[in-house]
Protein chains: 2
Amino acid sequence: MSDFASTEQRLAVTCRRYPDFPRRPATLVRLIKHIHKLLHDDANLTLKPYGLNHPQYNLLMMLYGSASGTMSPSELADAAGEKSANITRLTNELCEKGLIARSGSADDRRKIELSLTSQGQALLESLLPDICTLLAKQGRHLTVSEQSQLEKLLKKFLSGLAD
Amino acid sequence: MSDFASTEQRLAVTCRRYPDFPRRPATLVRLIKHIHKLLHDDANLTLKPYGLNHPQYNLLMMLYGSASGTMSPSELADAAGEKSANITRLTNELCEKGLIARSGSADDRRKIELSLTSQGQALLESLLPDICTLLAKQGRHLTVSEQSQLEKLLKKFLSGLAD
DNA sequence: TATATATATTATATAAATGTACTATTTTTG
DNA sequence: CAAAAATAGTACATTTATATAATATATATA
């Protein structure tokens, strides 16, 4: 068990010392932080044998899931939640490995189109079985209906975050 | 609205290209990543006027919530989900600002005890109103019962992550 | 056309996070 | 008791991430 009990203990003390502290939202925030860290570390562990880290994998998956097969750097930054300065570095790394390709856009020549190379797609599909196993394992304590319910509640929570 | 719709669109394409992809858990993972980022950025924005960043604030809050008022660096690392190497840097920063204090432990002389200074406690209590406002705002789209339900499901999800 | 806006990149500095190796102290155990 | 093992902490190097400003180019618009 991931020891969230000690976190709850600390929240109890905090509320005793500062009664206005909004315990429920604070608990949610700490749970999400805690879960995020575990997910991130797990993913990095799974990806390491393939020479990728989590952000790089994410970029590849954004491209894999794009309808057209291409995305501009700014679209990619938006999709992956990375700052644009980071995208240049990350896409450079992926280009150097031959996993993605850059090409100028025909309709707007300010833009660059990024796409998976066949090598990138092959790498992705070689590691997807491991990722699928990981994802299935991560969700294993929840029934399908609980997963749906959780998804619904998280979306509602998310809707309150976007000013 | 935080545009999660485009993420779902990409997941749909991904599942079409790779039918074994576990869509539900993957959706949960991406939601959590997305939410975590917004929470993290929001917190940093709120804390900036006080000269703190999110990790530093977290450390102060761990101490504020500790029953004894002191924690060893390794306890703090564990509580805050930071690697021990990071804790040295962060606690140095907080020490230099006079917000926390170091002192040797009496019972185990390998240990060091970290505690909030009165200055640290004062800073914390000066910013807590803003944090409380933020937390309340972040949870505003969920009823109390939905918050409880979400908390319950997140804990169950978490229980599946700790190998 | 002149001006403003959008896109991408580069350069630079800084901050944040991690990994590894090392020291000191305490505890274990042979 | 002495040697080995465990624990806690730190120091250093490296990697990763962010912030900012500057540049180049393309597009939009007044």
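In what follows, chains carry the letters A, B, and so on, assigned in the order in which the sequence lines appear, proteins first and then strands, with residues in each chain numbered from 1. Nothing here was measured: the structure is a model prediction, and the numbers come from that model.
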Next item on the list: Would you mind classifying the nucleic acid contact of D107(A) as base, sugar-phosphate or nothing, using non-hydrogen atoms under 4.0 angstrom?
Entry: sugar-phosphate
Checklist line | Closest listed nucleotide, where the reference is the side chain of K37(B) and the choices are dT18(D), dA16(C), dA26(D) | finding: dT18(D)
Check: Roughly, in whole Å, what's the span from CG in D41(A) to P in dT18(C)?
Finding: 7 Å
Notebook entry, point to check: About how many Å separate CG of L28(B) and CD of E146(A), when rounded to the nearest 0.5 Å?
Noted result: 11.0 Å
Notebook entry, point to check: Who does dA30(D) pair with, Watson-Crick or G-U, both distances under 3.5 Å?
Noted result: dT1(C)
Next item on the list: Compare the minimum distances between each of dA26(D), dT7(D), dA17(D) and the side chain of D108(A), then state the nucleotide with the smallest one.
Entry: dA26(D)
Check: Hey, does the side chain of S74(B) come within less than 4.0 Å of dG9(D)'s phosphate (OP1/OP2), counting only N and O?
Finding: yes
Note to self: Which nucleotide wins on minimum distance to the side chain of K83(A), given the candidates dT18(D), dA26(D), dG9(D)?
What the structure shows: dT18(D)
Check: Counting any heavy atom closer than 4.0 Å, what does R109(A) reach on the DNA or RNA strands: base, sugar-phosphate only, or nothing?
Finding: sugar-phosphate
Check: L76(A) has an atom CG; how far is it from atom P of dT9(C), in whole Å?
Finding: 11 Å
Check: Choosing from dT27(D), dG9(D), dT18(D), which nucleotide comes nearest the side chain of P73(B)?
Finding: dG9(D)
Note to self: Students often get this wrong, so: under 4.0 angstrom with heavy atoms, is I112(B) touching a base, only sugar-phosphate, or nothing?
What the structure shows: sugar-phosphate
Item checked: dT18(D) OP1/OP2 closer than 4.0 Å to side-chain N/O of N86(A) -> yes
Item checked: Distance in angstrom units between D78(A) CG and dA6(C) C1', rounded -> 15 Å
Note to self: Let me spell it out: for each of K48(A) and R102(A), pick the nucleotide of DNA chain C with the closest heavy atom. Which residue's pick is nearer the 5' end?
What the structure shows: R102(A)
Check: What orientation do F21(B) and Y18(B) show, parallel under 30°, tilted 30 to 60°, or perpendicular over 60°?
Finding: perpendicular
Next item on the list: Would you indicate whether the side-chain heavy atoms of H40(A) and H36(B) approach each other to under 4.5 Å?
Entry: no
Item checked: Side chain of S72(B) (C-beta onward), nearest among dA6(D), dG9(D), dT7(C) -> dG9(D)
Next item on the list: Take the protein atom OH of Y57(A) and the nucleotide atom P of dT16(D), then report the distance between them rounded to whole Å.
Entry: 19 Å
Notebook entry, point to check: N53(B) side chain N/O closer than 4.0 Å to the phosphate oxygens (OP1, OP2) of dA16(C)?
Noted result: yes
Check: What distance do K155(B) atom NZ and I35(A) atom CD1 have between them, rounded to the nearest 0.5 Å?
Finding: 10.5 Å
Check: Where each residue is assigned the nucleotide of DNA chain D containing its nearest heavy atom, which of E113(B) and R110(A) is assigned the position nearer the 5′ end?
Finding: E113(B)
Note to self: Could you tell me how far apart N92(B) (CG) and dA15(C) (P) are, to the nearest whole angstrom?
What the structure shows: 15 Å
Next item on the list: Kindly confirm or rule out a cation-pi arrangement of R17(A) over Y64(B), judged by NZ or CZ under 6.0 Å from the six-membered ring centre and within 45° of its axis?
Entry: yes
Margin query: I need the CG-P distance between L45(B) and dT18(D), as an integer number of Å.
Written below: 15 Å
Notebook entry, point to check: For the pair made of NE2 in H54(B) and C1' in dA17(D), what is the distance, rounded to whole Å?
Noted result: 17 Å
Margin query: Measuring from the side chain of L90(A) (C-beta onward, heavy atoms only), which nucleotide among dA26(D), dT10(D), dA17(D) has the closest atom?
Written below: dA17(D)
Next item on the list: Step by step, work out the side chain to side chain contact (heavy atoms under 4.5 Å, CB included) result for L39(B) and K33(A).
Entry: CA-CA 9 Å; L39(B) 292 175; K33(A) 176 169 159 38; over 6 Å; no
Note to self: So, does R89(A) get its side chain near the phosphate of dA17(D), meaning an N or O under 4.0 Å from OP1 or OP2?
What the structure shows: yes
Notebook entry, point to check: Whole-Å distance between dA11(D) C1' and I87(B) CD1?
Noted result: 16 Å
